[in-house]
Each structure stands twice: as C-alpha cells, then as structure tokens.
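Here's the structure, in structure tokens; my notes come after.
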Amino acid sequence: MSDRESTPKAGPGTVPPSAAPEARGSAPALPQEALEIAAGYAFAGPALDLGALLWDGDCLPDAQIRIPLAMLNRHGLVAGATGTGKTKTLQLIAEQLSAQGVPVFLADVKGDLSGLAAPGQSNDKIRSRASEVHQEWTATGFPAEFYALGGIGRGIPVRATITSFGPVLLAKVLQLNRTQEQSLGLIFHYADTKGLELVDLKDLRAVVAFLTSDEGKAELKNIGGLSTATAGVILRSLTAFEAQGMAGFFGEPEFDTGEFLRSAPDGRGVVSVLELPAVQDRPRLFSTFLMWLLADLFHDLPEVGDVDRPKLVFFLDEAHLLFDDASKAFLDSITQTVRLIRSKGVGVFFVTQTPKDVPAEVLGQLGNRVQHALRAFTPDDQKALKATVKTFPDSAYDLEELLTGLGTGEAVVTVLSEKGAPTPVAATRLRAPQSLMGPVEAGALERAVTASALYGRYAQAVDRESAYERLEASRGAKGPDELREAATAGERSAGERKAGEHRAREQKEQPSVVEQVVGSGMFKSLARSIGTQIGREITRSVFGTARRRR
C-alpha cells in the first residue's frame, strides 16, 4: 500500500491528503493533528526550509516547516533564552536567502557568524540532525562581506556623518532625556540654516560650543526653547562620548547602504556581516547604529509594493537595546520605519530573548515568528513565559509546557502563508546550517576584508572642511553677519563641488527625466549642500536623519 493510500479519508474538518506534503520512502502516515499543521506549510511558491515538525515527542520529517520567500518582507522575530540556538537560526535563514538570490544583513555581536563565508564541517551531530529532518546537507560557504563600525575591529569601516545620523538617533546614543533631545534637534536646525555641515563629532561640538560662548549667545537666544544650561549638558555629553573613543564612528567617507543590496556573480545574495565583537561593550551605540542603517535604506529605496522575493532581509540583533529607555519619539520612529519599509521590499527581523522586549506596536508588525526555548526559573521568567504564549495564535500544543521543554536547535514557529494568513503553530526541529558554525580563522577574515573591492573606497578616513573648520576660520568675526558670510562661502564651494560630481556622473549614465531632476546639481545643492532651512528639512526622515551624497 502506498503512503497516499494509507492516509485517512477526508471527512468533516479533515485536510485533504493532496494538501499535505508528499511522504518520502516508507514513512508512516502523519497523525491527523500533525497532518493539519503540515498542510499549513505546503506552499506552492519558493520558500525557506526551516526543519521538520515535532509532534508528541517525535520528529516527523515528512512534515516540513517552511517560510514563503515572498513573505520575508513582512518582518519577523527570532527569540529565545541564551544558548537555545538563535544564532544558528539566523545562519540557517541567511544561507537559504543567499542561495535564492536575496541579500542579507547580519550584525555579528559575538563574532561567530563570520563562518558563513566558509563551508561547514560534517560531524556526527550534523549527520544525525540532517537525517532526522530529511535534510540533504552539503558543506557550503556563501558570498560575504565583513564590516566594522568606524573601522574598530576587523572589517570594512562603516561610518556615518553627524548630519545624516540626525538628532533623534544621536540623542539615543548620548542617553539624553526628552528635553535634551528636543534641544539637540534645535541645534541641528541651527546648523542647517547656517550652512554649517556636521560631518563628525568635532563639528557638532564646535557648533554647541559656539552657541554657549559669549560670541554665540545672541544666536542662542534666537533658537526657541534652547537654554544655555541644556546646551552645556549636550556639550559635556559630546565631550565624554568622544573621550570614550567614539569619534571614529562618525565621519567620511560615509558608507553607502546600497552596498548591502548586491549579489555575487553566481547570482547568490551577498551576506553583509557587521562585525561587532570589538564594540560589544557599547551596546547602545551599535544597536542605534543598526537603526541608522535601516533608516538610511528607508530613505533611498523606491516603493515596490509586494514582490516575489525581498530586496534585502535585515537582522537587528540584541533588539531589546533599541527600546531600553527609548523616548516616545524614538519608538514612534521605529514603528513607522518598520511599517513602511515593507513596501520597499525590505524585511526586518528583530532578534532578542522574549517578545516582551519589543513594544507592542512593533511586535504587531512582525508576521513571522521563530521562538526558541524560554526558561522559567524565577517569577519574572514565568511572567515573561505567559506573556510570550499570549502572542501566539491558538494552538494544539500546551505552549507553556512546550516552550520550557524545547531542546537546543528546536523552536516554535508560525509564519504568514502565501495568502498573508498566519500558519498553524508548529514545534520544529530545525535544520543544520551548511556553513561553518563558528568564526573563521582571523587571518582568513583579514584577507577577505582587504581583498574586497569596497576596502579601498572606505578604508581611509577623510577630514574635509566642515562646521569646525568654518567656525575656526570665523573666530575673529565680530557678529553673526560675518559668520553667515563665511558659511555662505562654504555653501558656494560645496555647491560647485556637487555640480562637478554631477557632471562626471552624467558622462557615465543617462538617467530618466525624474532622475535627472532629482539627481541634478541644482536640486541636490538646494536640498543638501546649500544648507537652507527648506533644503535641509525637506530631506529629513522620521528619525531626523538626512539624505546623503551618493
């Protein structure tokens, strides 16, 4: 008797056998409850294979648990206690996205995701896991680029200018309160209107110092709501921040986040790995910097609506650090960015310990869930467990019991189907990554970084004329008119430089009419270089970030 013939006949409430995955070999028929769950994951289009269904203590390899590729831009959450396998889940998802031509961005906090670039090493555990879940495991390395914040650590340096980072994100990094955050916004506004370009920390410090000096107090009075005392607090915060070695994160050449959207010559998506071990003692900085990268992508990408595959999947590790002590403005900005960036083809996965680490407004946007085991050793743990259970759809499982009993490399999964509806909750034994589960050798990582075509573009920091130099040059001026004249001269030179860049680009490509207008020297000079109030503020995003030179 064939497997199909051994399947129970369809009746009321029974899923037709044709809806279930085809059994392999002589495997026994699935139990009815498992069959109904498996039918929810029998997608017709391209999908990522996560693993096999767990039911009543057994692994059922003929019931494969998957995520439709087209639903990856509906965002997701990977959660679980320390040591339960979250990092390996990221690696598994990243590999399959790359194999299907989708670029991936990962933040490597612990330093063990660089192994994505190297083939894995087979052993008894991997062979056993592959056999259990019917995985055809082959050691495979994937195309990867390695980055480092400000060049601290091994990687292509990733920098942002103060102007593009914006006041909201910078206030988060500096741990300013709500009033100080608003005041920082006024300082950015002042710099914008005066044409004082904020490239690095010394530029912003110079502007604040000028506003609190005897010469600048008259200017300070013209900025509503900004007191000398608050400006002084911001100046001290900047000075302390710079003294901690943070200056290298801000400056030029500023990183073009469009580099994350590249594919390798063989068609696989490039996996961009931001190496963070060297700065893991500064979690607030790197978590906020990740949000800047996402906000910058949101700025630049066009609307594409629903697509058959994402343009990029972005993983935000240690996500709870984004939300700790965050202002309402910051939370609102994250919520809006996550909600809107879906239509630009970007999927965002938050990686943290429990869903309660993510605000409800953001959690409601996350359609795909991979929940690893939770611990319930303390009353707080038990409360978090109950809260996690409530975030899942109704299930045939006792989720409180299940979530505390999952082993390493097992998770509870629910995703969005191809029609956008939640799939049944499925306990899953996950597949093994095919790349190296651990860091590559330090020398190999260094060679990969220096051999990259991007290394020559971003490795060397550049310190051009900006607000600090202009204020130093105008220190002998007697009033704001002379300062304004010096700033205007800087604006003219910036506009001339920008026009020259535009002429060079025109020789290489013929853009559309819209691109000619938006990309023209006049438009960009008005919107970016001239520094007028309208020009600057028109290009600031929900985070207060500003568009950058491309």
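Position 1 is the first residue of the sequence; numbering continues from there. The shown structure was predicted, so the numbers you read here are calculated from the model rather than taken from an experiment.
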Value rounded to 0.5 Å, distance of CD in E469 from CG in L196: 11.5 Å
Option from F298, F105, F350, F349 for which ring-ring contact (aromatic ring centres under 6.0 Å, His included) with F314 holds: F105
Residue pair T391 / T388, side-chain donor-acceptor N/O under 3.5 Å: no
Q91-S435 side chain donor-acceptor pair, cut-off 3.5 Å: yes
pair V348-L366: side-chain heavy atoms closer than 4.5 Å: no
Distance (rounded to the nearest 0.5 Å) between L403 CG and F392 CZ: 6.0 Å
Test salt bridge (Lys or Arg N to Asp or Glu O under 4.0 Å) applied to R159 and E252, step by step: CA-CA 6 Å; R159 304 180 186 89; E252 291 182 324; over 6 Å; no
Exercise: identify the closest heavy-atom pair between R369 and P355: NH2-CG, 3.5 Å
Nearest heavy-atom neighbours spanning E275 and D108: OE2-OD2, 3.1 Å
Main-chain N/O of P439 paired to D112 side chain as donor or acceptor, under 3.5 Å: no
Donor + acceptor pair across side chains of E197, S466 (<3.5 Å): no
Pair V173-F241, side-chain contact (heavy atoms from CB on, under 4.5 Å): steps then yes or no: CA-CA 9 Å; V173 172; F241 187 69; 3.2 Å; yes
Criterion side-chain contact (heavy atoms from CB on, under 4.5 Å) on R205 and E242, from CA distance to verdict: CA-CA 10 Å; R205 189 159 42 82; E242 193 167 11; 2.8 Å; yes
L471 backbone acceptor or donor facing S474 side chain under 3.5 Å: yes
Residue of the set F255, F188, F250 for which ring-ring contact (aromatic ring centres under 6.0 Å, His included) holds with F165: F250
Any side-chain donor near an acceptor of the partner, E303 and S343, under 3.5 Å: yes
P359 to L331 - nearest heavy-atom pair and separation: CG-CD2, 4.0 Å
side-chain contact (heavy atoms from CB on, under 4.5 Å) assessment of L149 paired with L274: CA-CA 8 Å; L149 286 184; L274 184 64; 4.1 Å; yes
Side chains of L176 and S183 in contact at under 4.5 Å (non-hydrogen atoms): no
Nearest-0.5 Å distance that lies between atom CG in L106 and atom OG1 in T87: 10.0 Å
F323 atom CZ, over 12 foreign heavy atoms within 6.0 Å: yes
Under 3.5 Å donor-acceptor, D200 side chain and T161 backbone: no
Under 3.5 Å side-chain donor-acceptor pair for E219 and Y190: yes
Heavy-atom pair of closest approach, residues H372 and T89: NE2-OG1, 2.7 Å
Side chain K344, main chain L301, donor-acceptor under 3.5 Å: yes
Residues E318, K110; criterion salt bridge (Lys or Arg N to Asp or Glu O under 4.0 Å); working and verdict: CA-CA 11 Å; E318 301 291 341; K110 297 185 290 293; 5.6 Å; no
CA sep, side-chain torsions, deciding dist, call: Q180, T230, side-chain hydrogen bond (donor to acceptor under 3.5 Å, both in side chains): CA-CA 6 Å; Q180 292 160 355; T230 300; over 6 Å; no
Side chain N368, main chain L416, donor-acceptor under 3.5 Å: yes
Distance-minimising heavy-atom pair for L430 and A411: CD1-CB, 4.1 Å
Heavy-atom side-chain contact between P103 and S272 under 4.5 Å: no
CA sep, side-chain torsions, deciding dist, call: F260, Y147, ring-ring contact (aromatic ring centres under 6.0 Å, His included): CA-CA 11 Å; F260 296 149; Y147 303 96; 5.6 Å; yes
Smallest separation among heavy atoms of P277 and G111, with atom names: CG-CA, 3.4 Å
Any P433 side-chain heavy atom under 4.5 Å of Q96 side chain: no
Under 3.5 Å: donor-acceptor pair, side chain of K86, backbone of G80: yes
Flag side-chain contact, heavy atom, 4.5 Å: P167 against I187: no
Basic-acidic side-chain contact under 4.0 Å: R74, D306: yes
Whether K172 side chain and L285 backbone form a donor-acceptor pair below 3.5 Å: no
side-chain contact (heavy atoms from CB on, under 4.5 Å) assessment of L293 paired with D296: CA-CA 5 Å; L293 294 175; D296 194 73; 5.8 Å; no
A160 backbone acceptor or donor facing S164 side chain under 3.5 Å: no
With S452, the side chain to side chain donor-acceptor pair (under 3.5 Å) member among E145, R457, E259: E145
Beyond-backbone contact of V351 with L90, side-chain heavy atoms, under 4.5 angstrom: yes
Side-chain heavy-atom pair R470, E465 within 4.5 angstrom cut-off: yes
Gap between atom CE of M437 and atom NZ of K88 - 0.5 Å precision: 6.5 Å
Sub-4.5 Å side-chain heavy-atom contact between L170 and L204: yes
Crowding at CZ, F315 (>12 non-hydrogen neighbours, <6.0 Å): yes
K221 side, atom NZ; L211 side, atom CG - distance, nearest 0.5 Å: 13.0 Å
Donor + acceptor pair across side chains of D332, T335 (<3.5 Å): no
Any donor-acceptor pair under 3.5 Å from S98 side chain to G269 backbone: yes
Nearest-0.5 Å distance, OG1 of residue T212 to CZ of residue R236: 10.0 Å
